[in-house]
**Student:** 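Just dropping this structure here.
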2 protein chains.
Amino acid sequence: MMLAICPRAELLARWRKAFPEGRVLATIPRAPLTVAPSQLWLHADGIADPDLGRRVAALVAVCPGVPVVVISTAPNQYRALLALEAGASGFCHALAAPELMQQVATVVAHGGLWVGPELMKRMLGAVTARLDQGGGGSVADLSRLTPRERAVATEVSRGATNKEAARTLGITERTVKAHLAAVFEKFGVRDRLELVIALRDPLAAPARSVA
Amino acid sequence: MMLAICPRAELLARWRKAFPEGRVLATIPRAPLTVAPSQLWLHADGIADPDLGRRVAALVAVCPGVPVVVISTAPNQYRALLALEAGASGFCHALAAPELMQQVATVVAHGGLWVGPELMKRMLGAVTARLDQGGGGSVADLSRLTPRERAVATEVSRGATNKEAARTLGITERTVKAHLAAVFEKFGVRDRLELVIALRDPLAAPARSVA
DNA sequence: AAAAATATTGAACCGGTGGACAGGGTGGGC
DNA sequence: GCCCACCCTGTCCACCGGTTCAATATTTTT
């Protein structure tokens with residue numbers, strides 16, 4: 001049995017179309033339900049970011065083993081991640097097509113996880129960026145640098161100023177600048193900030209307008 | 001129709017039990033198949049790391065729209081990520097229970113993505129670590145900022161200069177500086193570089209010696 | 001209504017940053 | 001020997017970034 005949780009039932013029009021047999025509760029039940037639902041759909045509108053994780057966690061605690069899907073009329077990646085980390089099995093738009101919702105239901109019913117394509121891409125990028133660590137193909141590949149350039153780039157990417165990097169590396173500030181200039185050139189970035197961004201997130205596109 | 005790709009058919013014992021109707025090819029077909037399969041299962045044993053991504057990508061290219069699942073007798077997170085990034089829809093153990101394989105098949109057939117629970121956890125951890133840190137009370141929590149401060153912080157953390165941020169937000173450079181100063185104060189960082197580091201990796205300790 | 005928080009802007013100051021000129025030293029390959 | 005890549009350093013200068021004086025208007029909270 002499908003169970004949706006939403007204080008304002010009119011927000012669930014799409015959901016009701018997808019699951020005509022589904023039932024709706026206004027709030028998160030505190031005690032375990034007598035009849036355990038097969039899935040829980042939580043409408044996240046009106047739940048502030050800091051609370052979203054807690055609400056989802058509460059739901060999971062009340063109905064252990066039951067997949068939780070969070071829906072929202074204003075979804076974003078950040079909230080999706082909050083929900084997923086709290087134990088949700090999926091996150092989709094509250095105004096999504098009923099067919100899509102049914103697909104999501106099928107996937108999570110089988111223990112799968114539903115995330116939108118953009119979020120998936122982002123997650124993959126984030127993780128592989130960590131695993132790779134100079135592993136290949138990315139814009140900012142530390143292995144393309146000379147040892148000294150790499151050392152300077154590392155210091156700077158930790159937040160050090162030129163003077164501090166010079167001190168820790170035992171060279172003059174001027175030399176740090178020289179190495180850094182070479183790094184900028186090789187990576188095609190204009191300053192240390194973009195260097196850090198490139199190093200930490202190779203998939204991130206520069207924000208600046210390429211005029 | 002299920003289609004498995006594996007040079008040594010004896011490695012597919014479990015898979016055959018899960019999908020008795022499935023067919024097997026020894027190698028990745030070069031031309032599109034006359035009868036498009038509903039799913040493609042690629043056995044990754046014997047494929048080196050650098051090649052795995054290419055093989056999967058090749059499969060996806062040959063059969064566009066068909067979900068690809070990679071199986072292996074020695075699975076690890078890194079290889080799973082390689083496969084997923086190349087466009088695979090799932091990654092599971094070649095010796096998994098046939099019932100599990102059938103579940104995976106159901107999930108990916110509906111456009112879902114199948115990743116093991118450990119990998120999922122890891123991915124979530126990596127992503128949320130750079131978006132915020134999901135836990136509250138951490139150093140750089142964007143929700144602690146006012147909307148305007150957040151907007152400025154976001155622009156800057158993308159690599160924008162003060163001037164650029166001012167332009168995109170429709171305010172003067174001076175106002176950007178004001179908001180930014182407030183952000184620095186709230187997060188306890190001294191400049192935009194540390195802000196980016198704090199936002200993208202809250203666990204990283206500052207490099208500078210607090211003398 | 002009073003107080004606090006938020007959003008906006010100005011001028012001036014100074015240190016950090018990056019580019020534009022430089023040049024000298026070392027070690028390896030042709 | 002010559003060239004090249006790498007490492008190190010110097011000076012000058014325009015620009016950017018962050019802070020320190022401000023001040024005013026709007027919104028929210030108490």
Side-chain angles (χ1 to χ4, degrees), chain A residues 46 48-50 134 139-199 206-211, chain B residues 139-200 206-211:
Chain A
D49 279 0
V139 189
D141 184 355
L142 280 180
S143 68
R144 282 166 51 201
L145 304 179
T146 70
R148 259 342 216 182
E149 289 167 355
R150 193 157 46 236
V152 171
T154 302
E155 283 306 312
V156 167
S157 71
R158 282 183 191 153
T161 66
N162 288 341
K163 198 173 296 187
E164 289 164 350
R167 187 179 171 78
T168 63
L169 295 178
I171 53 181
T172 63
E173 196 179 338
R174 177 63 188 88
T175 310
V176 171
K177 283 186 174 184
H179 288 311
L180 212 41
V183 174
F184 293 162
E185 169 69 23
K186 284 186 180 176
F187 286 169
V189 297
R190 57 177 174 181
D191 53 37
R192 60 215 294 118
L193 190 65
E194 287 193 359
L195 173 64
V196 170
I197 294 174
L199 284 178
R208 129 190 33 94
S209 57
V210 186
Chain B
V139 193
D141 184 356
L142 279 181
S143 67
R144 280 167 52 202
L145 304 179
T146 70
R148 251 358 206 174
E149 288 167 358
R150 194 158 44 238
V152 171
T154 302
E155 283 306 312
V156 167
S157 71
R158 282 183 191 153
T161 66
N162 288 341
K163 198 173 296 186
E164 289 164 350
R167 187 179 171 76
T168 63
L169 295 177
I171 53 182
T172 60
E173 195 178 343
R174 175 66 188 86
T175 311
V176 171
K177 284 184 175 182
H179 288 310
L180 214 40
V183 174
F184 294 161
E185 169 68 22
K186 284 186 180 175
F187 287 169
V189 298
R190 59 176 175 180
D191 52 35
R192 61 217 292 120
L193 192 64
E194 288 192 0
L195 173 65
V196 169
I197 294 174
L199 284 178
R200 287 175 179 255
R208 129 193 28 97
S209 56
V210 185

**Student:** Assign a letter to each nucleotide of nucleotides 16-29 of chain C from its 5' end: B, base within under 4.0 Å of a protein heavy atom; S, sugar-phosphate only; -, no contact.
**Tutor:** SSBBBBB-------
**Student:** Whole-Å distance between D:dC8 C1' and A:R167 CZ?
**Tutor:** 19 Å
**Student:** Can you tell me how far CZ of A:R192 sits from CG of B:L193, rounded to the nearest 0.5 angstrom?
**Tutor:** 6.5 Å
**Student:** Look up atom CZ in A:R150 and atom CD in A:E155, then write down how far apart they are to the nearest 0.5 Å.
**Tutor:** 13.5 Å
**Student:** Roughly how far, to the nearest 0.5 Å, is the CZ atom of A:R190 from the CG atom of A:L195?
**Tutor:** 13.0 Å
**Student:** Please work out if B:A182 contacts a base, only the sugar-phosphate, or nothing of the nucleic acid, heavy-atom cut-off 4.0 Å.
**Tutor:** nothing
**Student:** How far apart are the closest heavy atoms of A:V156 and A:V196, and which atoms are they?
**Tutor:** O-CG2, 4.2 Å
**Student:** Just wondering, more than 12 heavy atoms not from B:R167 lying within 6.0 Å of its CZ?
**Tutor:** no
**Student:** Please report the shortest heavy-atom distance between A:S157 and A:L199, naming the atom on each side.
**Tutor:** CB-CD1, 3.7 Å
**Student:** Please check: side-chain N/O of B:R158 versus main-chain N/O of A:I197, any donor-acceptor pairing under 3.5 Å?
**Tutor:** no
**Student:** Roughly how far, to the nearest 0.5 Å, is the NE2 atom of B:H179 from the CG atom of B:L169?
**Tutor:** 8.5 Å
**Student:** Could I get a table of every N or O pair under 3.5 Å where one atom is in the protein and the other is in nucleotides 5-7 of chain C?
**Tutor:**
{"unit_1": "C:dA7", "atom_1": "OP1", "unit_2": "B:R148", "atom_2": "N", "d": "3.3"}
{"unit_1": "C:dA7", "atom_1": "OP2", "unit_2": "B:T146", "atom_2": "OG1", "d": "2.5"}

